[in-house]
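Everything quoted here is computed from the prediction, not taken from an experiment.
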Amino acid sequence: MKATFKNNLKITLVYVSIIVLLVGGAILNIFFGNPISKNIAKKHITGYVETAYEGKEFTLSKPSYSVKDMGYHIYVTSHISEDTQFTVSYCDGEITDNYKECVADKNNTWSRLNAEFDYEVIEVFTQKYTADMVYAGLGKQGKTYENLQLDMPLDMDNLPMPSFVSIHMKSDDITWEGLAATTVDVNEYFIENGITIDYYDVVLTAKAEGASPNEVGVYEFPTALLKSESLPQVMKEHNDKMISGK
């Protein structure tokens with residue numbers, strides 16, 4: 001009787017162990033893929049890159065598995081081109097890549113230049129001002145990439161696209177006059193430091209709690225209009241047009 005019980009217990013434990021291994025393996029496969037399919041994907045993607053981009057000096061990352069599309073993805077880079085970065089995917093037996101969107105269409109180039117410009121502007125701005133938020137970029141009025149070239153350096157004296165800066169800062173003067181004065185002061189400071197801004201988003205928030213009004217701001221305001229004689233009124237009218245959509 002005891003021997004039979006022990007044998008049954010061993011058999012049960014074996015079955016439980018097998019079930020645990022199968023379930024665990026299935027879970028791992030769902031979230032991380034499996035070595036066999038991973039190697040298959042790597043082989044297909046490597047062959048695709050060698051054929052589609054023959055002669056290119058590309059570096060391929062290890063395949064990564066995505067639970068979202070249940071496919072494998074390899075990140076492709078070039079040691080001679082910082083803007084040449086894209087992904088090749090293997091899903092359901094099909095291979096796709098985003099070379100056109102990222103590289104050929106210059107989205108990578110724009111993204112890099114945009115980040116570099118943002119860094120330069122913030123570095124200069126924070127040396128004089130304190131803001132709740134400040135960021136800058138290229139292409140505020142729509143992204144036109146016709147002047148972009150792959151791997152081109154950022155030339156602060158000859159920007160390839162319209163530039164903008166968005167600033168949110170606290171002030172004791174929450175009026176259109178205060179907004180105008182602040183924007184002009186910031187723009188003159190940028191000019192002194194060799195930075196060209198084509199459009200401004202500037203929002204002033206009251207320092208004191210419960211102040212009324214507690215905020216005044218203008219968006220996508222052309223720098224060329226900062227020379228207007230009645231700048232506070234011009235800013236208000238511009239803001240009214242932005243709100244009305246006219």
Side-chain angles (χ1 to χ4, degrees), residues 32-33 38-69 71-91 94-127 131 133-167 189-201 220 223:
F32 302 103
K38 184 176 182 179
N39 286 330
I40 292 174
K42 180 179 180 180
K43 180 180 178 180
H44 281 289
I45 291 176
T46 300
Y48 169 81
V49 172
E50 290 176 348
T51 300
Y53 303 100
E54 185 179 0
K56 300 290 186 180
E57 299 181 25
F58 288 159
T59 300
L60 279 63
S61 70
K62 293 181 179 179
S64 61
Y65 182 74
S66 171
V67 179
K68 185 176 181 179
D69 57 19
Y72 290 88
H73 308 274
I74 284 181
Y75 194 58
V76 182
T77 57
S78 169
H79 71 276
I80 60 175
S81 171
E82 62 180 328
D83 292 341
T84 300
Q85 304 176 34
F86 62 101
T87 301
V88 182
S89 304
Y90 182 79
C91 305
E94 295 185 0
I95 296 179
T96 58
D97 74 46
N98 57 6
Y99 178 90
K100 182 180 184 302
E101 296 86 347
C102 294
V103 183
D105 290 346
K106 309 284 194 322
N107 276 294
N108 284 353
T109 302
W110 170 79
S111 181
R112 174 181 57 80
L113 293 175
N114 196 65
E116 291 175 1
F117 181 73
D118 177 61
Y119 175 82
E120 293 292 337
V121 171
I122 292 177
E123 277 288 295
V124 171
F125 180 86
T126 53
Q127 290 178 20
M133 181 199 74
V134 55
Y135 67 89
L138 301 172
K140 182 69 171 179
Q141 300 301 308
K143 300 174 185 176
T144 54
Y145 296 160
E146 59 185 19
N147 294 325
L148 299 186
Q149 295 179 8
L150 200 67
D151 302 318
M152 67 183 296
L154 176 66
D155 184 354
M156 294 296 287
D157 295 323
N158 186 27
L159 297 174
M161 304 172 72
S163 60
F164 74 91
V165 65
S166 184
I167 302 167
Y189 176 66
F190 279 147
I191 292 174
E192 291 172 2
N193 286 274
I195 295 177
T196 299
I197 301 296
D198 295 306
Y199 296 90
Y200 277 92
D201 295 349
E220 297 184 17
T223 303

statement: Closest heavy-atom pair, D201 versus E220, reported as atoms and distance to 0.1 Å, is OD1-N, 2.5 Å
- prompt: Quick one: does N108's side chain have a donor or acceptor within less than 3.5 Å of a partner on Q85's backbone?
  reply: yes
task: Can you run down the side-chain hydrogen bond (donor to acceptor under 3.5 Å, both in side chains) pairs that involve residues 46-57, sequence neighbours left out, and say none if there aren't any?
output: Y48-D97, Y53-D97, E57-H79
field: Worked check of side-chain contact (heavy atoms from CB on, under 4.5 Å) between V165 and V134
entry: CA-CA 7 Å; V165 65; V134 55; 4.0 Å; yes
message: Taking the side chain as everything from C-beta on, heavy atoms only, tell me whether T77 gets closer than 4.5 Å to T84.
response: no
query: Would you say N193's side chain and Y189's backbone share a donor-acceptor pair under 3.5 angstrom?
result: yes
message: If I take atom NZ from residue K43 and atom CD1 from residue I45, how far apart are they, to the nearest 0.5 angstrom?
response: 13.5 Å
statement: On a heavy-atom basis, the closest approach of Y145 and N107 is OH-OD1, 3.2 Å
message: Between S81 and S78, does the side-chain hydrogen bond (donor to acceptor under 3.5 Å, both in side chains) criterion hold? Intermediate values first, please.
response: CA-CA 5 Å; S81 171; S78 169; 5.1 Å; no
field: Minimum side-chain heavy-atom gap T196-F190 below 4.5 Å
entry: no
message: For a side-chain contact (heavy atoms from CB on, under 4.5 Å) check, start with the C-alpha distance between M133 and I167, then their side-chain angles and the critical distance, and finish with the verdict.
response: CA-CA 6 Å; M133 181 199 74; I167 302 167; over 6 Å; no
task: Keeping to residues at least two apart or across chains, list the side-chain hydrogen bond (donor to acceptor under 3.5 Å, both in side chains) pairs with something in residues 113-127.
output: R112-E116
Inter-residue atom distance D83.CG - K106.NZ, 0.5 Å rounding: 9.5 Å
message: Minimum heavy-atom separation for T109 and Q149, please, with both atom names.
response: CG2-O, 3.5 Å
query: So do T87 and I74 actually touch side chain to side chain, heavy atoms under 4.5 Å?
result: no
- prompt: Are L138 and L113 close enough, and set up right, to give a side-chain contact (heavy atoms from CB on, under 4.5 Å), and what steps lead you there?
  reply: CA-CA 8 Å; L138 301 172; L113 293 175; 4.1 Å; yes
Reported CG-to-CG distance for the pair L154 and L159, which is rounded to 0.5 angstrom: 6.5 Å
- prompt: Side-chain donor-acceptor pair under 3.5 Å between S89 and H73, yes or no?
  reply: yes
statement: In this structure, CZ of F164 is separated from OH of Y135 (nearest 0.5 Å) by 5.5 Å
Test item: I95 and H44 side chains (from C-beta on) under 4.5 Å apart, heavy atoms: yes
- prompt: If you take all heavy atoms of I80 and D151, which pair is closest and at what distance?
  reply: O-OD2, 4.3 Å
- prompt: So, T223 and D198: side-chain donor and acceptor under 3.5 Å apart, yes or no?
  reply: no
- request: Determine yes or no for a side-chain-to-main-chain donor-acceptor pair under 3.5 angstrom, with S66 supplying the side chain and G71 the backbone.
  value: no
field: Centroid separation Y90 to Y65 less than 6.0 Å
entry: no
field: Which atom of G194 lies closest to which atom of D157, heavy atoms considered
entry: O-OD1, 4.4 Å
- prompt: For F117 and S163, what are the C-alpha separation, side-chain angles and deciding distance, and is it a side-chain contact (heavy atoms from CB on, under 4.5 Å)?
  reply: CA-CA 9 Å; F117 181 73; S163 60; 3.6 Å; yes
statement: d(S61 OG, K42 NZ) to nearest 0.5 Å is 9.5 Å
